[in-house]
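The chains referred to below are lettered A, B, ... by the order of the sequence lines, with proteins before strands, and numbering in each begins at 1. All values reported here derive from a predicted model rather than from experimental measurement.
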There are 2 protein chains.
Amino acid sequence: MASVTMADVAKLAGVSKSTVSQFLNKRYHYMSEETKSRIEQAIHELGYSPNAVARSLRQKKTQTIGVIVANILHSFSTEVIRAIEDTCHAYDVHVIVCNADNDPQKEKKYVEMLRAKQVDGLIVFPTSDNKELFNGLVAAHFPLVFIDRLIHGVPVNAVLADNEEAMRLAVNALAESGRRRIGLVLPPLLEEITPRMERRDGFMKAISEAGLEYEEAYVAAGQVEEAPHFLADMLALPTPPEAVIAGNDLVLYELLRSIKQQKIDVPEQIALIGIDDVTFADFFNPSITTVAQPTFAMGHKAAELLLQEINGGKKHSEIRTHRFQPTLKCRQSC
Amino acid sequence: MASVTMADVAKLAGVSKSTVSQFLNKRYHYMSEETKSRIEQAIHELGYSPNAVARSLRQKKTQTIGVIVANILHSFSTEVIRAIEDTCHAYDVHVIVCNADNDPQKEKKYVEMLRAKQVDGLIVFPTSDNKELFNGLVAAHFPLVFIDRLIHGVPVNAVLADNEEAMRLAVNALAESGRRRIGLVLPPLLEEITPRMERRDGFMKAISEAGLEYEEAYVAAGQVEEAPHFLADMLALPTPPEAVIAGNDLVLYELLRSIKQQKIDVPEQIALIGIDDVTFADFFNPSITTVAQPTFAMGHKAAELLLQEINGGKKHSEIRTHRFQPTLKCRQSC
DNA sequence: CTGTTAGCGCCTTCAG
DNA sequence: CTGAAGGCGCTAACAG
């Protein structure tokens, strides 16, 4: 292990540790050329590289942030994470990603572990049960940004898609193609998970705006594994829906699986729109119309907000929820 | 910021710092019940949580490893990463992921950043140009494991799929369904990237084992964006191939895109097998036969090897390449 | 069983 | 322009 320290460099260069430190931190305005080159050479000769842990301890800054994602299985999550990482690496900030697996206990554990590690801030896709915990962070002025979801009563910057608009885009596309009876399949609504609630509400609003009839039997929510049943049940109705919207990518997978098994014809028998653009949407048969969230922009924004809060501190007046507009990717399935 | 230190706890509990330290490290075999409970209460009262950075500095262990992935866009990479994270979190070690984007320069930079951060070890999907760098780590006894790819002449533990077997599975499946003329599309072969080379060689071997004729015009390698041309060119041949194998998931996407655009009938006009199982393989139309790598097992193994090397040190005799067997997922496309 | 002491490697006044 | 000294928060002998 290259356990060469600043002291070794200093000795070899014939200067003191602090001079080396100055050099490393580019404070060599007033340093003689000779000293500089001697230090440089000593560093090179010894293969010295500074110990970031020691620096972190001293400076109380680790140049590392944590990201806690509620469910890593969503394509949305992975894309957002990639955007966060790209943005942070550009600032030489590292990222530690943890997957809470929709479990508030795990989420809490990760928050604690990451704080113990002295990360400079946290971007969280929050589960819904840790309001106290997060308010504790806020009270301690710990830099924190939410993404994808909100927790009401926790005053932090947040980055969310405009979920109502997403549903409006989907419903209108379907309405314009002549469908009047539109269904919706969502993940469980038990907990107050923002995108789900907002999509459900947005759906109802969009239906009524479009002058369509809202039909309770056309809306289903539950574990994704049950999605096939939902679809079968809807299609068995006396007047089945003419279209169905998948509330997220995982729901879409299950719907497609069941559509294939039951040999349902899309879009003839039923039209289909997915929320979240998926890799295969454009070359699927039929290609799938989706509502895409601007994942890169959202991850980027979350990182920018956090880094800003870390560096500049946060003015209370600037706390807000940033909404990002989704876009319709019109393809063959509707 | 909760800047309460061990000293505060010690003062409140009326003991010394080291006693608190012992307590935290569960060395309280011989500690009086009263002391224990006093410390416990003080910790609780102050909301104290230990500073992992300080501990790391002292112990020269960060409980963190780094993962450098050559290209995060492959489903293989993301699945392996997830397995690594799951495994590590079970040991309370954190993971920092960096995407080298197939760029040896970036790879080098990340190795240096992560070492500066004193990570306890590294799992790398190596690009092919940093042999010196990695041999430097080996020489310094820095824990290191390769996955997916090898660099010849760098003696480290490695976890790879049996790529020859993967090709054999694909070729045999095709041969058994009666195809005699089999094509292959691969990413660029310029650099010596292990899976590509091994898949190309394994393909040729499998073709000859199966008693088929090897035809150079049926094998193409190049940027994934060119994959559509490759397919078109092959199909324009006087005797076009009856089947084609996609060398990885990204190639498969391009092939499927082009198959859809050109309205090619799979499997009638051409059969198709993909290396790497993709999410949509089973509900695609037609469902896609793939050769799956055991991503979870591989990531898990890589993490186990690294953690073992970190804790136990490494016996030189134990360095080897661990091969994992792929499996055929037989579906409709062949 | 508990306290004292001495650093881990670096950065930051403050003299010189 | 450079050096000495102190300390970030914690752990690890070694005394007591």
#### Entry: Given DNA chain C, 5'-ward residue of the pair B:G14 and B:L57, judged by closest heavy atom
B:G14
### Query
Mapping B:T35 and A:T5 onto DNA chain C by nearest heavy atom, which one lands closer to the 5' end?
B:T35
Just how far, in rounded Å, is [atom2] of [N] from [atom1] of [X]?
X     : N      : atom1 : atom2 : value
B:N51 : C:dC8  : CG    : P     : 18 Å
B:K11 : C:dT4  : NZ    : P     : 14 Å
A:K61 : D:dG9  : NZ    : P     : 16 Å
A:L24 : C:dG9  : CG    : C1'   : 12 Å
A:I43 : C:dC10 : CD1   : P     : 10 Å
B:K60 : D:dA12 : NZ    : P     : 13 Å
B:Q22 : D:dT11 : CD    : C1'   : 9 Å
A:Q59 : D:dC8  : CD    : C1'   : 11 Å

### Query
Is the NZ atom of A:K108 crowded by more than 12 outside heavy atoms at less than 6.0 Å?
no
#### Entry: Minimum-distance nucleotide (side-chain atoms of A:K17 versus C:dT12, D:dT11, C:dC10)
C:dC10
### Message
Starting the side chain at C-beta, find the nucleotide from D:dT11, C:dG3, D:dA4 nearest to B:M6.
### Response
D:dT11
### Message
Please enumerate all residues that pass salt bridge (Lys or Arg N to Asp or Glu O under 4.0 Å) together with A:R323, with sequence neighbours excluded.
### Response
A:E198
### Message
Quick check against the 3.5 Å criterion: does B:E107 have a side-chain atom that pairs as donor or acceptor with the backbone of B:T127?
### Response
yes
#### Entry: Test: A:K36 and A:E40 ion pair at under 4.0 Å
no
### Task
Answer yes if the ring centres of B:F125 and B:F146 are under 6.0 angstrom apart, and no otherwise.
no
### Query
With side chains defined as the heavy atoms from C-beta onward, is the minimum distance between B:L137 and B:V111 less than 4.5 Å?
yes
### Query
Under the 3.5 Å rule, do the base of D:dA12 and the side chain of B:S21 count as making a donor-acceptor pair?
no
### Message
Determine whether a donor-acceptor pair (one donor, one acceptor, N or O, separation below 3.5 Å) exists between the side chain of A:R58 and the base of C:dC11.
### Response
yes
## Note on the structure
All heavy atoms of A:I65 vs all of A:C88, minimum pair found to be CD1-SG, 3.6 Å
### Query
Is the shortest side-chain N/O distance from A:S16 to OP1 or OP2 of D:dT2 below 4.0 Å?
no
### Query
Between the two end axes of the helix from C:dC1-D:dG16 to C:dG16-D:dC1, each built from 5 base pairs, what angle do you get to the nearest 10°?
40°
